[in-house]
Amino acid sequence: MIVDNIQKQIMDAMKAHDEVKLSTLRMLSSELHNFKIDHPEMTEEEELGVVKKEAKKRKDAILAYEKAGNKARAESESAELAILQEFLPAEVDDTDLSRFVDEAISETGASDISSMGKVIGAVMAKTSGNADGSKVASLVREKLTK
């Protein structure tokens with residue numbers, strides 16, 4: 001379980017005096033704890049969902065800080081994101097993602113942009129959620145508008 005791994009890494013970060021890692025892991029531990037209060041029988045899949053949600057928050061914050069010209073905060077969020085990504089499975093590479101999109105388009109019979117939601121849903125199911133949703137949407141839009 002991710003929770004057990006986090007607790008061990010918190011101890012390691014404390015010993016190493018790694019403040020960024022320590023604060024990020026404590027935040028993640030807190031989020032998992034809060035989720036567990038509402039879902040006492042938390043599965044590993046749900047744990048991954050919490051980590052993905054926190055990673056998405058960091059990605060959104062990085063974009064916002066870069067857009068605002070606050071490079072220092074963007075770098076700080078990037079450091080936190082790198083720590084969170086240690087707990088996530090690797091994302092599907094671009095070649096496989098393109099293949100999954102092509103398969104989903106043929107399986108759903110999509111021919112225009114109005115079927116985009118069905119195709120995205122099929123791709124996300126094929127990738128088990130290990131693909132960036134915005135990247136999938138962009139690729140699907142590109143292929144359906146050709």
Side-chain angles (χ1 to χ4, degrees), residues 1-108 110 113 115-144:
M1 297 288 278
I2 293 173
V3 174
D4 300 330
N5 188 7
I6 290 173
Q7 294 308 316
K8 181 189 176 308
Q9 288 196 25
I10 286 174
M11 295 303 292
D12 293 342
M14 288 172 75
K15 289 176 186 174
H17 302 286
D18 186 344
E19 294 301 321
V20 174
K21 188 168 191 170
L22 181 61
S23 68
T24 303
L25 292 173
R26 282 182 172 163
M27 172 278 310
L28 183 57
S29 178
S30 175
E31 290 297 323
L32 287 165
H33 176 74
N34 291 340
F35 186 84
K36 192 168 186 164
I37 290 171
D38 294 334
H39 306 87
E41 301 297 320
M42 184 168 56
T43 65
E44 197 163 342
E45 180 89 13
E46 291 171 325
E47 284 181 335
L48 279 174
V50 172
V51 178
K52 285 178 184 179
K53 180 179 161 191
E54 291 303 313
K56 178 155 178 26
K57 286 181 187 178
R58 298 310 172 287
K59 288 177 185 177
D60 293 344
I62 290 166
L63 292 175
Y65 285 128
E66 286 175 347
K67 190 174 185 179
N70 193 339
K71 188 176 179 181
R73 285 294 296 154
E75 289 174 1
S76 173
E77 294 291 333
S78 293
E80 290 183 11
L81 178 60
I83 294 165
L84 292 172
Q85 287 176 329
E86 293 175 20
F87 297 97
L88 296 173
E91 282 193 11
V92 176
D93 66 28
D94 291 345
T95 305
D96 288 338
L97 187 58
S98 181
R99 182 175 47 84
F100 286 138
V101 169
D102 291 338
E103 289 173 4
I105 288 172
S106 72
E107 288 171 5
T108 60
I113 201 75
S115 304
M116 188 171 163
K118 289 180 186 177
V119 176
I120 291 173
V123 171
M124 294 306 279
K126 287 177 179 287
T127 63
S128 304
N130 294 335
D132 181 10
S134 60
K135 188 185 272 188
V136 171
S138 174
L139 190 56
V140 169
R141 182 177 292 111
E142 177 186 318
K143 289 185 182 253
L144 287 177

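The chain is numbered in sequence order, starting from 1.
The minimum heavy-atom distance between Lys52 and Ser128, with the atom names listed, is NZ-O, 3.8 Å. Contact between Met27 and Arg58 at its shortest, heavy atoms only, is CE-NH2, 3.1 Å. Annotation for Ser29 and Gln7: closest pair OG-NE2, 3.0 Å, computed over non-hydrogen atoms. Considering every non-hydrogen atom in both Ser98 and Leu139, the closest pair reads CA-CD2, 3.7 Å. Thr127 approaches Met124 most closely through the heavy-atom pair OG1-O, 3.2 Å. Leu48 and Pro89 get closest at one heavy-atom pair: CD2-CD, 4.0 Å.
When atom types are taken as modelled, the side chain of Glu54 and the backbone of Val51 share no donor-acceptor pair closer than 3.5 angstrom. Side chain of Ser23 to main chain of Glu19: a donor-acceptor pair is present (N/O by atom type, distance under 3.5 Å, no hydrogens or angles). Side chain of Glu47 to backbone of Ile2: a donor-acceptor contact under 3.5 angstrom is found.
Side-chain contact between Asn34 and Ser30: present, with at least one pair of heavy atoms (C-beta onward) separated by less than 4.5 Å. Using a 4.5 Å cut-off on side-chain heavy atoms (C-beta onward), Val101 and Glu142 make no contact. Inter-residue side-chain proximity for Leu84 and Lys56 is flagged as unmet; no heavy-atom pair is nearer than 4.5 Å. Thr108 is not listed as a side-chain neighbour of Ser115, based on a closest heavy-atom distance of 4.5 Å or more. Residues Gln9 and Phe87 are in side-chain contact: their nearest non-hydrogen atoms beyond the backbone lie under 4.5 Å apart.
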(message) Apply side chain to side chain contact (heavy atoms under 4.5 Å, CB included) to residues Met11 and Leu25 and explain how you reach the verdict.
(response) CA-CA 10 Å; Met11 295 303 292; Leu25 292 173; over 6 Å; no
(request) Take Val119 and Lys143 through the side chain to side chain contact (heavy atoms under 4.5 Å, CB included) test and state the conclusion after the steps. (result) CA-CA 11 Å; Val119 176; Lys143 289 185 182 253; over 6 Å; no
(message) Between Glu77 and Glu66, is the side chain to side chain contact (heavy atoms under 4.5 Å, CB included) condition met? List the steps.
(response) CA-CA 11 Å; Glu77 294 291 333; Glu66 286 175 347; over 6 Å; no
(request) Apply the test side chain to side chain contact (heavy atoms under 4.5 Å, CB included) to residues Glu91 and Leu97: give CA-CA distance (whole Å), side-chain angles for both, the deciding distance (0.1 Å), then the verdict. (result) CA-CA 9 Å; Glu91 282 193 11; Leu97 187 58; over 6 Å; no
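Remark: Met42 CE to Phe35 CZ distance equals 7.0 Å, nearest 0.5 Å. How far NZ of Lys118 is from CD1 of Ile105: 13.5 Å, rounded to the nearest 0.5 Å. Within the model, atoms CG of Leu32 and CD of Glu46 stand 11.0 Å from one another, a figure rounded to the nearest 0.5 Å. Note that CZ of Arg73 and OG of Ser78 are 10.5 Å apart. Values are rounded to the nearest 0.5 Å. Taken from CD1 in Ile10 to OG1 in Thr24, the straight-line distance is 10.5 Å, to the nearest 0.5 Å.
Lys21 has no carboxylate O lying under 4.0 Å from a charged side-chain N of Asp12, or vice versa, which leaves the two without a salt bridge. Ion pairing of Arg99 with Asp96 is present here, as a side-chain N (NZ or NE/NH1/NH2) and a carboxylate O approach within less than 4.0 Å.
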